[in-house]
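To keep things clear, I will list the structure first and then write my remarks on it.
In what follows, chains carry the letters A, B, and so on, assigned in the order in which the sequence lines appear, proteins first and then strands, with residues in each chain numbered from 1. Heavy atoms only: backbone and side chains are in, while hydrogens, waters and symmetry mates are out.
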Amino acid sequence: MSAVLEVTDIKKSFGGIHAVNGVSFDVREGEILGLIGPNGCGKSTLFNCILGQLTPTGGEVKLDGQVVTGLRPSELNKLGVSRTFQLLQVFPKLSVRENLILAGQEHQGNMASRLVGRSDAGLTEAANQMIGFFKLDHLADEPAGGLSYGQQKLLDAAMAFMGGPRLVLLDEPAGGVNPSMLADLKERLVAINREKNATFVVIEHNMEFVMSLCSRVMVMAEGKVLAMGRPDEVRKNPAVIEAYLGH
Amino acid sequence: MSGFAKPLKIALGLAVIAALIIVPMNFNRYGLFILSQWAVMSIAAMGLNLTLGYAGQVSLAQGAFVGIGAYAAAIMTTHGWPLPAAILVAIVLSFAIGWVLGYPALRVQHHYLAFVTLAFSTLAFLLFRNESWLTGGIYGISNIPRPHIFGIATNKPLPFYYVCLGSLAIVSLAVWWLIRSPWGRAFMALRENPLRAQSLGIDTRRYTLMAFAIGSALGGVAGALYAPLTQYIDPVPFNLSLSLDLLLMVIVGGAGFYFGPFLGAMIAVLLPEWLRFAEGYYLMLYAVAVMLLLIWSPTGILGILDRYLAERRTKAASALRAVAKSRLETVQ
Amino acid sequence: MSDPILSVHNLVGGYGKMTILNGTTFAVPSATITTIIGPNGAGKSTVFKAIFGLLKLREGKISFAGRDVTNLSQRALLNAGICYVPQGRNIFPELSVRHNIELGGVAADKGLDLPKRIEAALDLFPALRRKSAQQASTLSGGEQKQLEIARSLLLEPKLVLVDEPSIGLSPLMVQQTFDILKSLRDRGVTILMIEQNARSALEISDIGIVLELGQTRMVDDARRILNDPRIGQLFLGGAMEESAA
Amino acid sequence: AFGQAIKLANVAELSGGGATVGTNWKNGIDLAIEEINAKGGVLGRKLEVSHADSQSNPGVARAQVQKALDAEPYVLLGPGYSGSVKVTAPLAAEAGIAQIMGGEAAELTQAGNKFLFRTSFGQQSSMPKVAKYIHDEMKAKTVAVVWVNNDFGRGGRDVIVKELDRLGSKVVADLSTEAGQADFAADVGKIKAANPDAVFVYLNEEESARILKELKRQGVTAPLMGETTLIGQKVIELAGDAANGARGHVGLTTDAPVDLVKAFREKFSKKYNYVPDHNGLKGYLAVYMVKATTEKMGKVDPKKFADTLHGLTIKAADEPGILMDVTFSDTGDIDRQSFLVEVVEGKQVVKQVLPKVK
Amino acid sequence: MSNLFDLLVAGLATGAIYALVAVGFTLLWQTSQTINFAQGEFVMLPAFLMLAAMQVGAPFWLAIILGILLSMILLGLAFKLLLVDPMMRHGVLPLAIATMALAIGIKEAVKQFFSAEASPFPSIVPTGEVAILGHAVSLQSIGVLVVAILAVLGLTTLLNRTSLGHQMQAAAQNPTVARIIGVPVERMILLTFLINAFLVALASLLITPIYLAKFSSGEVLGQAAFIAAIVGGFNQVRGAIAGGLLIGVLDNLAAAYVSTQYRAAVPMMFLIAVILFRPQGLLGRAEERTV
Ligand SMILES: Nc1ncnc2c1ncn2[C@@H]1O[C@H](COP(=O)(O)OP(=O)(O)OP(=O)(O)O)[C@@H](O)[C@H]1O
Ligand SMILES: Nc1ncnc2c1ncn2[C@@H]1O[C@H](COP(=O)(O)OP(=O)(O)OP(=O)(O)O)[C@@H](O)[C@H]1O
Ligand SMILES: [Mg+2]
Ligand SMILES: [Mg+2]
């Protein structure tokens with residue numbers, strides 16, 4: 001399997017704080033990589049650097065062997081990289097359906113054709129399916145800002161899938177989501193992973209979720225990589241237990 | 001919307017349009033002038049509504065674009081060019097300048113952006129006033145001709161009112177088309193959550209610049225009509241207070257609502273005229289009226305309607321929720 | 001178990017015309033940990049908002065320590081001994097971490113030694129002590145949640161309402177937070193908690209409440225709920241437990 | 001006993017940048033009408049006026065004049081801003097209604113409009129007098145010109161610079177200032193650096209007061225020359241000592257050594273609690289122009305009004321309300337005595353009486 | 001060279017006035033996240049209240065006290081209850097527009113009920129001048145500057161050093177959470193507007209002798225102060241001083257060395273440059289983390 005994403009020695013500091021301090025890793029085509037680590041160890045910051053939301057202080061990101069550091073988030077998204085956010089990020093005044101159509105529309109046609117083409121960019125059907133899957137049917141026409149925490153979290157995840165991405169970076173998708181829904185979500189991820197050969201990187205503190213979903217797990221601490229390996233290996237790693245898992 | 005609402009809406013729309021065409025036929029010159037002014041200001045406000053109401057980019061420069069359009073039209077038509085050509089130039093010019101003015105919006109937002117545009121608006125005023133070789137300076141440009149449309153002279157108030165109304169109709173249709181296209185949705189995404197928008201592939205830079213440029217271009221159109229309407233322009237009407245007025249129109253009408261600018265322009269243009277009976281107190285009354293309106297509905301006139309519709313919708317939704325089956329029960 | 005300190009009776013209310021709570025009723029015994037579970041959008045957070053006077057109720061009654069506290073102001077509820085840690089992000093972004101924490105003591109009784117309690121709270125969360133001079137908005141998601149928990153420790157409440165404290169916290173931090181809750185209970189404080197991390201939460205709880213569609217479906221001993229196969233299937237993600245095991 | 005009232009329409013700057021101008025003008029009008037009606041009106045008919053606010057904006061002025069004309073007034077009064085006059089004069093002319101306005105820009109009466117009349121000197125007649133005084137009496141070889149950058153200031157500046165040039169006085173500093181400007185340090189600094197023989201100041205009253213203070217503060221000793229707006233009572237009140245020594249050409253002033261004018265000032269300040277500036281006088285005169293013209297015609301005839309007023313001389317002896325003898329030219333310009341005034345110890349002192357041109 | 005010094009002194013004097021008005025802007029932003037477009041009119045009005053008191057026979061000192069009290073009632077209490085309360089929850093714009101209307105209302109009311117004329121106003125600071133390095137500097141300007149600095153020092157201490165100040169900021173940044181932890185949000189907002197009203201009354205007292213009491217004087221003043229506040233840093237009270245003085249000086253230097261016709265353009269371009277290259281303003285604090 002070749003590497004979809006290669007991250008080399010990424011650094012990000014804020015003033016004197018080294019939030020990410022030289023992180024390198026690869027993500028192989030079709031794998032589900034877990035990313036765990038104590039609060040404040042730099043996971044979200046690493047995502048933001050990879051995705052162009054923050055400019056890294058140093059280092060390089062390659063997508064399919066092409067350097068993409070410095071690309072804007074929207075450009076990366078057009079290349080098939082999508083994401084979810086740790087803090088709730090939806091379009092509060094737009095309805096749930098509009099949120100989802102919005103999430104897919106820039107992947108249909110070009111800017112000019114979107115001006116003259118259909119007003120839903122032909123996405124209503126896809127959006128409705130997504131709504132059905134996440135059990136948001138009765139809320140489809142409600143403004144997204146009126147959803148409960150967990151529902152917004154689910155909507156955020158749903159949006160990440162609308163554009164048919166090949167690489168998805170999920171930042172704590174499980175936080176606040178009901179366990180039975182979570183089981184569905186996991187199945188869905190696995191299905192997309194198998195059928196569409198999409199690749200995932202998942203930040204999560206929910207160990208059952210990470211350990212049962214991921215093929216490899218990377219552990220960060222204080223801005224650096226602490227460990228990387230199969231879930232069962234990582235789980236037994238004393239350093240990981242000490243810094244993160246407890247017991 | 002329930003089934004009967006749509007024909008009802010269409011009928012209402014047609015009635016309003018018919019009224020706008022027929023009723024003014026026996027208006028006096030003053031009434032026609034004010035109504036034409038309403039049409040022109042509606043166009044400018046619609047532009048700002050696009051930039052501010054839909055795309056969320058605060059601009060205090062819309063008045064300056066009206067000025068740019070007005071000067072373009074005044075200079076060209078007094079040199080013998082036809083008005084349509086002048087309008088075209090006004091559009092292109094304001095679009096281009098609006099595009100450039102959009103660049104700061106890529107760096108700063110909200111009140112910071114408001115002040116960049118405020119500064120621009122002051123600079124534009126100074127240019128209008130000081131560059132007399134081009135703009136006639138403080139003396140302004142007089143004897144601006146009104147156009148011949150299809151061979152009909154529009155010197156008289158009624159024909160020129162129809163020119164304004166026709167332009168308003170064209171602009172309204174274009175804006176309607178724009179905001180219900182995916183572009184409109186992308187603009188709203190800029191307003192609601194630019195961060196999330198970026199990560200969904202929405203080229204926030206390009207859309208921001210577009211929102212500025214298109215909104216400004218509409219300001220230019222309004223200006224290009226304003227010049228032949230008053231037939232004399234000087235820099236004073238295009239100072240900051242026009243930008244603030246237009247902002248007021250957008251907010252009072254209801255920012256981000258399609259019909260907001262029409263109502264807002266009505267409040268800002270017609271209300272003071274209605275209040276003129278109060279003589280020296282009319283502006284005071286106007287100020288109080290605007291404040292009361294905003295106290296009553298801070299989201300503007302259409303905010304009230306929106307609240308009403310939302311209530312109806314949520315009532316339906318909560319009825320659905322009330323009859324929904326418990327999962328626990330279904331298992332039992 | 002002792003008398004209920006909080007009882008919630010037949011709550012009906014919601015947002016605008018939207019009815020979310022359809023007769024929610026339950027009681028919380030004194031000095032226990034009670035956990036509310038339920039699907040997303042069940043109305044759990046809405047119940048808390050209602051108890052804390054942030055939502056106008058159309059019907060229903062809330063009593064606390066024998067007193068009617070329905071629709072009281074937040075300050076009055078704090079004075080009565082109720083404290084609330086909401087879901088999501090609830091910090092003052094432009095104030096420093098330390099000032100954020102200090103603000104937790106605004107409603108404190110005169111008798112409390114606030115400086116000491118602030119130090120104690122910072123001791124529990126070393127990350128916050130390290131960053132105490134930083135603007136709160138620069139904290140990571142989990143650190144912000146820690147900040148909120150630390151802030152809520154300044155008062156001496158009788159009842160703590162805490163809405164999904166575990167979101168965003170690392171396993172270690174979740175353990176520690178649950179330990180704090182346990183020690184509070186042991187000191188006689190009543191805890192009412194909402195959790196989606198339901199298994200861990202129920203494990204430290206005395207009572208479990210299942211809420212669905214704005215109605216209380218079940219109130220029972222936490223162990224029994226944890227072991228009820230139907231509940232496990234529907235709300236605890238039974239399938240996942242198997243695959244993880 | 002009265003016949004139908006004679007309807008006048010006034011459109012003036014009652015709000016916006018020209019509010020002070022317009023309010024004075026309006027008050028002058030109201031005062032005159034009150035007087036005239038108290039004495040039995042014009043040809044036995046009462047005068048009535050409607051006031052409309054142009055918001056100091058030409059577009060609004062146009063709408064309001066249109067509205068006023070739609071109501072077919074006898075005579076249109078105002079506006080005061082030259083730009084607003086320019087946009088409205090064609091409308092009045094088209095309707096065949098005489099328009100008596102307050103604007104002073106030179107070009108207004110030069111466009112061949114047969115219905116437009118001034119109430120004061122146009123800048124084309126006052127500025128040459130000022131330039132001549134600066135050149136002949138002050139013997140200034142070099143002059144600094146400070147003006148407010150609106151149509152009033154710019155208009156005066158353009159004429160005087162041309163005149164000074166013609167007479168051979170050199171303009172060594174040509175300084176534009178803003179309406180409402182508070183800080184004149186830089187402008188005065190420039191004047192000081194240019195070291196002129198005289199300074200011509202052409203600003204609104206409040207700004208005049210401010211620059212006078214600053215000139216004094218920075219110790220500028222060159223003689224100061226201006227118009228009514230430099231040495232008016234208001235300026236003296238606001239500037240205090242700093243106004244002493246300033247001189248000005250005054251077409252109209254409430255301090256003119258004319259009994260009728262003094263009486264007017266009394267009446268005005270009694271009614272409105274403040275001393276009017278020249279705009280108050282202009283409004284007052286405008287109404288008396290209507291009265292005198294109508295009485296001359298012997299009937300109320302809007303169509304013949306303009307014709308009658310052209311070339312008319314009104315003597316104060318016949319019509320005390322006109323305050324001073326005045327003649328109207330065929331272009332609607334005004335000819336009248338004027339004064340050269342100096343501020344001495346906080347009082348206006350007339351140094352010279354300039355006779356009528358013709 | 002001496003000319004330059006004169007310009008600097010004059011610029012600082014004007015700048016101090018801007019600063020004093022700008023303090024209110026920054027205060028309102030920091031403690032209620034509102035923008036008051038009527039701030040200039042707020043500074044204009046108290047002087048008229050004082051003049052009115054004197055017209056009915058009150059001595060100057062009593063007029064000052066009455067003026068300040070009335071301002072706090074009208075511009076503090078009534079403003080907060082009638083306009084701020086209903087609109088605050090709806091973001092910055094509705095209130096900004098309402099204050100624009102309020103500005104019109106205040107201006108027109110003063111014009112209608114008082115006068116369209118400028119009136120002189122007695123100065124509480126002696127009107128003399130002192131020589132500094134051989135240049136005359138007016139005592140009034142020094143008074144304004146001193147009060148502006150004191151106001152900023154006082155407010156900065158209040159906001160950054162005291163629990164009350166933190167509560168005021170908390171109420172602005174997140175009112176719901178502030179309520180939840182027991183901050184008396186309503187009272188904090190009221191306090192904000194009362195302080196602002198007191199400040200504008202004070203500013204009115206000091207500035208009007210220089211600017212004259214006129215219904216329209218708030219326009220120029222308000223706009224200049226606004227720009228000063230942005231340049232200095234909108235989210236920190238101390239920004240007002242830096243911005244005010246800088247804009248005052250810059251304005252004078254521009255008039256002297258650039259062009260009098262374009263003097264207003266220079267501070268504007270400076271404003272644009274500041275916003276683009278240091279959006280938080282010279283002394284402001286950087287915006288919060290967004291991702
Ligand atoms: N501010 C709001 N405006 C309108 N509707 C709301 C609002 N907040 C919540 N709702 C609706 O109320 C219902 C219950 O929301 P609530 O937040 O109480 O759910 P919850 O049980 O806490 O869910 P979660 O586990 O996801 O946090 C949801 O369906 C949501 O759509
Ligand atoms: N804008 C900023 N300014 C200063 N420090 C920052 C900024 N952004 C992040 N940090 C710091 O960088 C560190 C890493 O933050 P990050 O959000 O990446 O953590 P994380 O691993 O995602 O933690 P969590 O699990 O709690 O979400 C934190 O210590 C945070 O305080
Ligand atoms: Mg994170
Ligand atoms: Mg919840």
Gap separating the CD1 atom of I210(E) from the NZ atom of K213(D), nearest 0.5 angstrom: 8.5 Å
E129(E) CD to R217(D) CZ distance, which is reported to the nearest 0.5 Å: 6.0 Å
pair T20(D)-K214(E): side-chain heavy atoms closer than 4.5 Å: yes
Heavy atoms of other groups near K271(D) NZ, more than 12 under 6.0 Å: yes
Atom group of S138(E) that falls short of 4.5 Å from chain D, counting heavy atoms: neither
Under 4.5 Å from any heavy atom of chain D - which part of E219(E): neither
Minimum-distance pair of heavy atoms, taken over all atoms of [X] and [Y]:
X	Y	answer
A186(D)	A255(E)	CB-CB, 3.5 Å
A185(D)	N252(E)	CB-OD1, 3.8 Å
A19(D)	K111(E)	CB-CD, 4.0 Å
E117(E)	K234(D)	OE1-CD, 3.2 Å
Q261(E)	W147(D)	NE2-CH2, 4.3 Å

Pair R263(E) + D183(D): basic N to acidic O under 4.0 Å: no
Chain E heavy atoms under 4.5 Å from [X]: which part of the residue, side chain, backbone, both or neither?
X	answer
T23(D)	side chain
Q181(D)	side chain
N27(D)	neither

Step-by-step side-chain hydrogen bond (donor to acceptor under 3.5 Å, both in side chains) determination, T260(E) to K190(D): CA-CA 10 Å; T260(E) 49; K190(D) 280 190 165 174; 5.1 Å; no
Short side-chain to backbone donor-acceptor contact, K107(E) and S15(D), under 3.5 Å: no
